Each structure stands twice: as C-alpha cells, then as structure tokens.
Amino acid sequence: MATNITPRTKDYNQWYLDVINAAGMADYSPVRGCMVIKPHGYAVWEGLQRELDARFKATGHVNAYFPLFIPMSFLAKEAKHVEGFAMECAVVTHSGLEPDGKGGLKPKGEIEEPLIVRPTSETIIGHTYAQWVQSWRDLPILVNQWANVVRWEMRTRLFLRTMEFLWQEGHTAHETWDEAEAETRRMLDVYADVAENVLAIPVHRGRKSPAERFAGADDTYCIEAMMQDGKALQAGTSHNLGQNFSKAFDIKFQTRDQKVAHVWTTSWGVSTRLIGALIMTHSDDDGLVLPPKVAPVLAAIVPIYRKDDEKAAVLAYAKELLARLVGADAVARAEAVCGGREILEVPYGSTGQRVVLDLRDGLRPPDKFFHWEQRGVPVRLEVGPKDLANRAVMAVTRTPRSKNVVSADAITPAWFDDALATAQKMLFERALAFRAAQTRSCDDYAAFKTAIEEKPRLLRDALGRHEGNRSENQGRNQGHHPLHSARGRDRRGRRPHSHEDSGHGSRVRQTLGRPRDFRARLLSPPNDSTETDDDLRRCDAARRRDRPRSDGRRPTRDPSRVGPAQARLQVHGDPVRRQVVSRQRDEDRLAGRLARAMPRRRSHPPRCRRMG
C-alpha cells in the first residue's frame, strides 16, 4: 500500500485528493475555487474529447464557438433560467484599470450593461439561432461547443466541482417535438456509450423529476454511476428544452405548410467531472487506475541495471522491445525529436497515446515502478540483465494486478492490444459487479426505510415526494462529500440547473415521505446498464398525453386515462419485487390537498343581517 495515499476506508475524501496529487493530475490555483489541470490530467480530458467528438460528428453534429460574455438582459428573458442561475453568475461591471493613488489599481469605468461570464450558453445561442433560422429548410441545427464555463461555487473539489471548468455543450434546434425528443435520447445514449465502453463506468439512465430539471427545460435525462463509497454521481445530462427558449428569443421558422412556428430545442453536456468519476470508480489505495482507452501512457519500459557495464546492453534490449511495440521508424523519429530527454515518449497508433522508455538515472527501479503505477499506466515492462540473457521480459499489469515472464518474441502489437483489451473489460466488469453487490430492491416503504437506516446509501433515485408536497428537510445537504448538491433547492435557495449540477452523493437523494406520496422516477432493472429505451418508455404513456401539440398548447387531460409509472426501488442488498406506483393518483391527491389548504374566496359580498 502506498504511504502517500490515505486508505479509502479511513478517509474517502482525502484518498480522492491524494490520488490526484500522486498521479500529477491537477493542482490548486491561486484563484479560489479554480484548479490547474496538469499535462497528465489534461491528456485524459483530451482522450475523452477524442472519443466524444468522434461520436458527435458521427451523429451529424459540427463544432462551433460562442462568446464567453453574455449580456445580462439575455438571462432575464427566460424566467426559470434566470431563477436557476442568478446565484452563481460572475458579473463584469467595469472595463479597464487605473491607478488608485495608493500604489495599486482600481476599476476604471462602469460599462453600460453588465456582462455575465458564461455559466451556460442557452441564451447567447438562442439569440444567435434566431438570426440563423428562417425556414424549415434551415433545420435541424446540430451544433456542439467545447468551452469553459464559470459558476460562483461556495465549496469546490478538484474535477468534481470548481468555479471554472471545461465541458462540451451541445445545442440543437428542430422542426418538431418528436425530433427534439429523439435528439435528447440519442445524446443520452452517446454519453452512456462513452461512460461504459470508454471509461468502463456502468451507468443508469433515466428521467429526472420536475424539481431536478435543468432550469427552463421541459424534461431532463441523466446518467448516474455508483462510486466506490456506494454513492451516486451524476455523470451527464441531456435536456429537451421544448419551446421555452425559442419563445424567449423568438426563434421562428416558416413551416412546410406556410405557417410560422417556434423551433424545438435541446441542450446536453458533460464536463471534466467525468475525470472525477473515473478516479472514484477505478482507483485504489496504490493510486490512479485508468482504462486503457483514455490512459495517456499505455506502457512504461523500465530498464534495470546495477553496474555501468550492464547499462548499454540493457538499454539496447529495452529499445528493441520498444521497437517491437511501436515500430523502429517511430522510435527513430522520437529520438530525433526528443532524444536528449530522460523519458523517451513514442506515439502508439493514431490516438496520441504513448509508450515510454524510462531512461532516468539517479532513481532506483522501485521508485520508477511506483511512479508509473501511481499514474495509472496499464502495462509496465521490466528489463534487467537476467531478462536479456533469457530473451524475456517481466510484464506487470495494473488490471489485473499480475506479473508474468513473457518471451521477447511474444512482445508484439497484437499481444499488447490483447493485454489492454483485457484490462478495459476487467475494469468494467469489476465496477458492474460492485454495483450489483451493493444493490437490492424493496417492495414497500417499511423495508425501504429500514434499508436506508441500516446502510444509508441509495443507488438510484427511485422514490420521492411530489415536488408540490416536499418536506422541510428536502434539499438539505446530507452527504459526506463536500461537493454534494442537494436536490430541490439548496441551502442558498437555488434549483438544480446545470448539465452537471448534481454533486457526488446524498444520504437519501429524495426526502422520505409517507407511502401515498411516493412517485416513481428513474427506471431500470438492476444489474443491467443497457436497458435505456425500454425503461424510459414505461413512463412515456403517462407523459405523452401531456405532450404539446403542434400549436404549442397542451391538450386537456382525460381523467379516465391513467398512465402508471413503474420503478424498481434500488437500495443495497438482495432483489425483491417491483413497486408499482400511480403517478396520476399522486397528482390527484396532491391537487386535492392543495385545494383543501387554500382559503375559499367569496364570489359575492357577505350578507347583511336585517335589523328590526
């Protein structure tokens, strides 16, 4: 066990920070709440960008860039949006600096309209789309933006929540509601695909409750993953914005039947929080563990020698093994460019990932092993005089943790690719098995409450009180993670709003209420992370009756049509049976309670008693 990393069982939060520090992923900034992403950490983000960007372009999206500064008046155009973001905005009010007469500086002049430093781009992009869209022939618009955003956070944590962070945000405009809904679901599937097949993180997919929607959205879908402490982390969101922003910014188009209508828009995004999820899902007490598909360094070759007369022969053998993996031409090019460096880095394939030869003097071999292990390198090849004599090499893999003597003739790209594929598969299977072992289902409120009290963790949001009947405890920060963002409204009165707003873990993600107040939310059977469409469709019947018509109005609800929302309660333990709850029933009961609580208004003046 590494002595520079706190064990997970002792202090999970400190373990997380120690892993980041030992791996050289990020550092603290002199600006409160901001971070410096080091080259090794940024290389992981570049790997994520590479995988995401390829999928975006495969689904017809293109990249663009929009301004960092947004006029304050833009945020005020969408009421729910400004309510959700008002408390987090960084505002520019002055331009320029001038001497203050005391040897320092002060703001020079106040600008005419304050500018908001981008917290998200729905408003500025909505304004732009209003200029771009004239006819149905201009649709759909499928645009993605790689950018940074600023949100004035009170409590921050490296990668998970910082005042400034990197992300991508997609913004699309469509001719119909069906197209916008399909786009919202499609991008959720893209995020789940990257999480599971690239980051090796099993996720659950589902729809958020009205209280947890992105500010200004009609619907929000998300993927959530279980961390090693048993708590949930929101890893990505996709929003169907309906016509809310198109009406606020007057994004109209001429339809095919020569009428004028507002477009239907979506937005979706993931951020550097995925790196935090990656760390908390796979790393151990020895340091960082990275899936090979995003690892900046795929293998490190470490020569071992004790005497100077052994050095030349061992280094030559090590370079031979390096050439077997990446090709002699690639090694020659790398030596020509950076041959004088102590670490020779050679690209492997076309992804920008590298295989390195550690030529550093003055470090003991165990120190080199420790260095590469804590940086999450999947494969390490140890080469010494005995290996040279036997024409072999000691192959050490991070996942699974094993050491095997391999013949030099077997060191080929095919062998290497197979080792990387095995590590990638094992990481996903291990995370999936951990989630399965920590999951059970409850069939009634009593069992649910007992399970929560015995082991206060919840895999998914399964039950919750109706947003119109929330208890006074709703929204309190009960998680032990400093970045936890409570549901509903937080202690500063804000609603969850961002693509990545949900913090890591809460003790109970929805406040427990009486059984009659339960309402089904996220849907999926346990131990199956590929069930998206079938699970989400179970609630669609209830939702479709409220779907906006082509004129933007919502149809009158038919009381005889009751759409059940079914969910499986997920708590830690053994599976039981499915809990079926009627959403319509809860809404009717809520409406009745609210009606009884409201004072009656008199429709006529009070009668006067006749005197005499």
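Remember, it's a predicted structure, so these values are computed and weren't measured experimentally.
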Closest non-hydrogen atom pair, Met226 against Thr281: O-OG1, 4.3 Å

Hey, could you give me the CD/CH2 distance between Glu175 and Trp136, rounded to the nearest 0.5 Å? 7.0 Å

Quick check: does any side chain N or O of Gln131 sit under 3.5 Å from a backbone N or O of His127, one acting as donor and the other as acceptor? yes

Please report the closest heavy-atom contact between Met187 and Ser238, naming both atoms and the distance. CB-OG, 4.1 Å

Give a yes or no on whether the backbone of Val270 and the side-chain of Gln168 come within a donor-acceptor separation of less than 3.5 Å. yes

Closest contact, heavy atoms only, Leu142 versus Gly60: CD1-O, 3.7 Å

Determine whether a donor-acceptor pair (N or O, by modelled atom type, separation under 3.5 Å) exists between the side chain of Thr220 and the backbone of Phe214. yes

As a quick check of understanding, evaluate salt bridge (charged side-chain N to carboxylate O under 4.0 Å, His left out) for Lys57 and Asp53, giving each step before the final call. CA-CA 6 Å; Lys57 291 175 179 176; Asp53 202 61; 2.9 Å; yes

In this structure, CG of Leu278 is separated from CZ of Arg273 (nearest 0.5 Å) by 14.5 Å

Determine whether the side chains of Arg185 and Asn240 contain a donor N or O and an acceptor N or O closer than 3.5 Å. no

Quick check: does any side chain N or O of Lys77 sit under 3.5 Å from a backbone N or O of Thr123, one acting as donor and the other as acceptor? no

Report yes if the side chains of Leu166 and Tyr42 come closer than 4.5 Å at any heavy-atom pair, otherwise no. yes

Identify the two heavy atoms, one from Pro119 and one from Ile70, that lie closest to each other, and give their separation to 0.1 Å. CD-CD1, 4.3 Å

We want to know whether Asp257 and Thr255 form a side-chain donor-acceptor pair, criterion being a heavy-atom distance below 3.5 angstrom. yes

Please verify the inter-ring angle class for Phe66 with Trp132; under 30° counts as parallel, over 60° as perpendicular, anything in between as tilted. tilted

For Glu113, does the CD atom have more than 12 heavy-atom neighbours from other residues, nucleotides or ligands under 6.0 Å away? yes

Student check: side-chain heavy atoms of Glu212 and Gln234 closer than 4.5 Å: no

Between the side chain of Arg205 and the main-chain N/O of Asp189, is any donor-acceptor distance below 3.5 Å? no

Side-chain donor or acceptor of Arg213 paired with backbone N/O of Asp218 under 3.5 Å: yes

Please check: side-chain N/O of His174 versus main-chain N/O of Ala182, any donor-acceptor pairing under 3.5 Å? no

Criterion side chain to side chain donor-acceptor pair (under 3.5 Å) against Thr266, the qualifying member of Thr184, Thr172, Asp219: Thr172

Indicate the atoms forming the closest heavy-atom contact of Gly41 with Ile275, along with that distance. O-CD1, 3.9 Å

Checking Ser121 side chain against Ile124 main chain: does a donor-acceptor pair fall under 3.5 Å? no

Minimum side-chain heavy-atom gap Val149-Glu164 below 4.5 Å: no

Tell me if the NZ atom of Lys38 is crowded by more than 12 foreign heavy atoms within 6.0 Å. yes

So, does Tyr16 use its side chain to make a donor-acceptor pair with the main chain of Leu158 at under 3.5 Å? yes

Is there a salt bridge (charged side-chain N to carboxylate O under 4.0 Å, His left out) between Arg55 and Glu51? Walk through the geometry before answering. CA-CA 7 Å; Arg55 287 164 173 79; Glu51 296 288 347; 2.9 Å; yes

Are the side chains of Val36 and Ser29 in contact, using a 4.5 Å heavy-atom criterion? yes

Is any side-chain heavy atom of Phe428 closer than 4.5 Å to one of Pro202? yes

To the nearest 0.5 Å, what is the distance between CH2 on Trp167 and CG on Leu52? 14.0 Å

Between Gln243 (side chain only) and His262 (backbone N and O only), is there a donor and an acceptor less than 3.5 Å apart? yes

What is the minimum heavy-atom distance between Trp152 and Ala90, and which atoms define it? CE3-CB, 3.9 Å

What do you reckon, are the aromatic ring centroids of Trp45 and Phe165 less than 6.0 Å apart? no

Phe74 and Phe249 aromatic ring geometry - parallel, tilted or perpendicular at 30°/60° bounds: perpendicular

Checking Glu122, His239, His171 against Ser267 for side chain to side chain donor-acceptor pair (under 3.5 Å), the one that qualifies is Glu122

